[in-house]
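I have placed the structure first, in the form of structure tokens, so that the comments after it can refer back to it.
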Amino acid sequence: FKNYIENANFEDTGFSYTLSLIRGKYKMVILYCLMEFNIVRYNELKRYNKPSHIKHFSIFERIGKDGLIIRKEYPQMPPKVEYSLSDSGKSLMEILDRLCVWGEIHKNDMK
């Protein structure tokens with residue numbers, strides 16, 4: 001057993017990869033909002049997350065590069081951009097939804 005753990009590397013695990021996708025101050029809030037409301041504009045997300053600390057579009061870029069969200073831009077004035085979950089994002093939400101259910105069941109137990 002000891003030899004196995006000495007050669008193991010947490011960074012090589014699927015769990016570590018999953019954490020890297022959801023780690024960060026606002027990623028989970030954005031993903032949860034998209035799970036609940038399907039298609040969301042940036043200002044709608046800011047209103048949803050009161051008080052809003054999501055001030056930069058860069059967080060959307062990072063999540064987009066991870067392949068979890070889709071950014072759809074409409075060629076109009078003023079510019080209109082909508083965000084939604086990609087298929088990968090939706091499959092991740094199935095798992096994260098279980099965390100939400102667990103939280104609803106146990107949130108009063110911890111107080």
task = List the atom of Gly67, the atom of Ser88, and the distance in Å for their closest heavy-atom pair.
result =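 Closest heavy-atom pair between Gly67 and Ser88: O-CB, 3.7 Å.
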key: For Val40 against Cys33, the heavy-atom pair lying closest together   =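 Smallest interatomic distance, heavy atoms only, reads CG2-SG, 4.0 Å.
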ask   = Between Leu34 and Tyr83, does a side-chain contact (heavy atoms from CB on, under 4.5 Å) hold up when you go through it step by step?
value = CA-CA 8 Å; Leu34 293 174; Tyr83 298 92; 4.1 Å; yes
From [X] atom [atom1] to [Y] atom [atom2], the distance as rounded to the nearest 0.5 Å:
X: Ser20; Y: Lys27; atom1: OG; atom2: NZ; result: 6.5 Å
X: Leu31; Y: Ile69; atom1: CG; atom2: CD1; result: 7.5 Å
X: Leu92; Y: Thr18; atom1: CG; atom2: OG1; result: 7.0 Å
X: Ser91; Y: Leu68; atom1: OG; atom2: CG; result: 8.0 Å
X: Ile63; Y: Leu85; atom1: CD1; atom2: CG; result: 9.5 Å
X: Met28; Y: Ile22; atom1: CE; atom2: CD1; result: 4.5 Å

task = Would you mind reporting whether Leu19 and Phe10 have side-chain heavy atoms less than 4.5 Å apart?
result = yes
key: Residues Tyr32, Met93; criterion side-chain contact (heavy atoms from CB on, under 4.5 Å); working and verdict   = CA-CA 8 Å; Tyr32 180 80; Met93 290 301 98; 5.8 Å; no
inquiry  = Using the side-chain hydrogen bond (donor to acceptor under 3.5 Å, both in side chains) criterion, which residues pair with Tyr17? Sequence neighbours excluded.
reply    =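 Listed in chain order: nothing, the list is empty.
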key: Residues which pass side-chain hydrogen bond (donor to acceptor under 3.5 Å, both in side chains) with Gln76, listed by chain and number, not counting sequence neighbours   =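 Residues passing side-chain hydrogen bond (donor to acceptor under 3.5 Å, both in side chains) with Gln76: none at all.
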